[in-house]
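Have a look at the structure below before the remarks.
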Amino acid sequence: MMAVAQAPAATAVLSVRGLKIEFRTEGISFHAVDGVDLDIYPGETAGIVGESGCGKSVTALSILGLIPRPPGYVSADSMRFESEELLQLGVDELRKVRGAGISMIFQEPMTSLDPSFTVQSQMSEVLTAHRGLRGAAIEKESIAVLERLRMPNPRAILRQYPFELSGGMRQRVMIGLAMACSPRLLIADEPTTALDVTVQAQILALLKRIQRDTGTSVLLITHDLGVVAQNCDRVYVMYAGRVVESAPVTDLFKDPLHPYTRALLKAIPNTRGGDEELAVIPGEVPTPARFPAGCRFHPRCASRMDHCDKAIPRLVERKPGHSVACYLYGPETVTA
Ligand SMILES: Nc1ncnc2c1ncn2[C@@H]1O[C@H](COP(=O)(O)OP(=O)(O)OP(=O)(O)O)[C@@H](O)[C@H]1O
Ligand SMILES: [Mg+2]
């Protein structure tokens, strides 16, 4: 998988340039996301990691055209999925891409599963709308979908309502619904955050297996670098609405360049059972209406220099496939 992730010649499944997401609420307007570039290659798992509020979820929602307007206004230089420019698609065309090309699963499946319908009727809706299945073919395929997820007793599960299932089972059903149309990109936004640790591991293993079997690309959003280490090929580190570092995962852990990434790594709990103190990043994540000038991390940065508060540093590739936006490595600023 790593070979695919690193091959620069591969054409990205999804390629985003200059993504901005502005919210206008009660007389205030702010950019929650401000100039993000993303590339996701065939068959890889790319991660987006960052603290709460840095813009991970809105980035994902914008790819699917799901940011409500108003209050949200999405713009980008380009947002290409396979050969289609998503920004130019109408509502109906976008819905088609959303059903068949790109699927998404969320943190809490209860909010995206309809509580008043059985698993079968939700599965039927997807299989009818996006795959054109009718009659007996629907039930047959529904069972096949659940079997591919190694769900015990799929017939019984199909008759159940979401509230009758455990959290882990609900998330499996969500994954089943998301995969029923064989998407080329699956976006998973904190898919395991609401689950307990053992179930988390099972769901992540399931996602990995599905990816291996189907070859779909995955964009995995998480605030947990441990999840990134175990599941991603490449990672984007976001801070305050911007990508501050992107790298192949092994490289990021071996040689983190951005002071924010270094701080995040130091804040991972020591799983070896030692009593090493966790390094807490001083200060707080700024809210979008109050992003500081210059590098947005500078007020919390241990390596801060005099000019860090003047202009935003540009994300520049400093090693093959490894980019960082920090003045420690060069003077390049964002011009726009
Ligand atoms: N509909 C909305 N209206 C106004 N502001 C919004 C809206 N949705 C998101 N935001 C703001 O955009 C910023 C980014 O939010 P987002 O949900 O993407 O963060 P996140 O990185 O996913 O955080 P978390 O880890 O908590 O899920 C936040 O400041 C949030 O308050
Ligand atoms: Mg989120």
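Numbering starts at 1 and runs along the sequence shown. Order of appearance sets the numbers: ligands from 1, and atoms from 1 within every ligand.
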Closest protein heavy atom (residue, atom, distance) for [atom]:
atom                    : answer
atom 26 (O) of ligand 1 : Ser52 OG, 2.5 Å
atom 25 (O) of ligand 1 : Lys56 NZ, 2.8 Å
atom 1 (N) of ligand 1  : Phe23 CE2, 3.6 Å
atom 27 (O) of ligand 1 : Ser57 OG, 3.9 Å
atom 28 (C) of ligand 1 : Gly53 O, 4.0 Å

TODO: Using a 4.0 Å heavy-atom threshold (strictly under), name the region of Phe30 that reaches ligand 1: side chain, backbone, both or neither.
DONE: side chain
Open item on the list: Please classify the Cys54 to ligand 1 contact at 4.0 Å (heavy-atom distances, strictly less than): side chain, backbone, both or neither.
Closed with: both
Open item on the list: Around atom CZ of Arg17, are there more than 12 heavy atoms from other residues, nucleotides or ligands closer than 6.0 Å?
Closed with: yes
Open item on the list: Are more than 12 heavy atoms, taken from residues, nucleotides or ligands other than Lys319, located less than 6.0 Å from that residue's NZ atom?
Closed with: yes
TODO: Within a distance under 4.0 Å of any heavy atom of Ala32, pick out the atoms of ligand 1 and give their elements.
DONE: 12 (O), 13 (C)
Task: Atoms of ligand 1 close to Pro288 [distance to a heavy atom under 4.0 angstrom, numbered from 1] - done: 29 (O)
Task: Aromatic plane relationship, Tyr239 with Phe297 - under 30° parallel, 30 to 60° tilted, over 60° perpendicular - done: perpendicular
TODO: Fit a plane to each ring of His258 and Tyr260, take the angle between them on a 0 to 90° scale, and name the class: parallel (under 30°), tilted (30 to 60°) or perpendicular (over 60°).
DONE: perpendicular
- [ ] Could you tell me which non-hydrogen atom of His130 sits nearest to which non-hydrogen atom of Cys181, and how far apart they are?
- [x] CB-SG, 3.4 Å
TODO: Scan Thr216, Thr45, Asn231 and name whichever one has a side chain to side chain donor-acceptor pair (under 3.5 Å) with Gln211.
DONE: Thr45
- [ ] Kindly confirm whether the Mg ion (ligand 2) is within less than 2.8 Å of some N/O/S atom in Ser57?
- [x] yes
Open item on the list: When you compare the side chain of Leu328 with that of Pro259, does any pair of heavy atoms fall below 4.5 Å?
Closed with: yes
Open item on the list: Taking distance alone, with N or O pairs closer than 3.5 Å, would you say Val58 contacts ligand 1?
Closed with: yes
TODO: Ignoring angles and geometry beyond distance, decide whether Pro68 reaches within less than 3.5 Å of ligand 1 through its nitrogen or oxygen atoms.
DONE: no
TODO: Give a yes or no on whether a salt bridge exists between Glu51 and Arg300, defined as a side-chain N under 4.0 angstrom from a carboxylate O.
DONE: yes
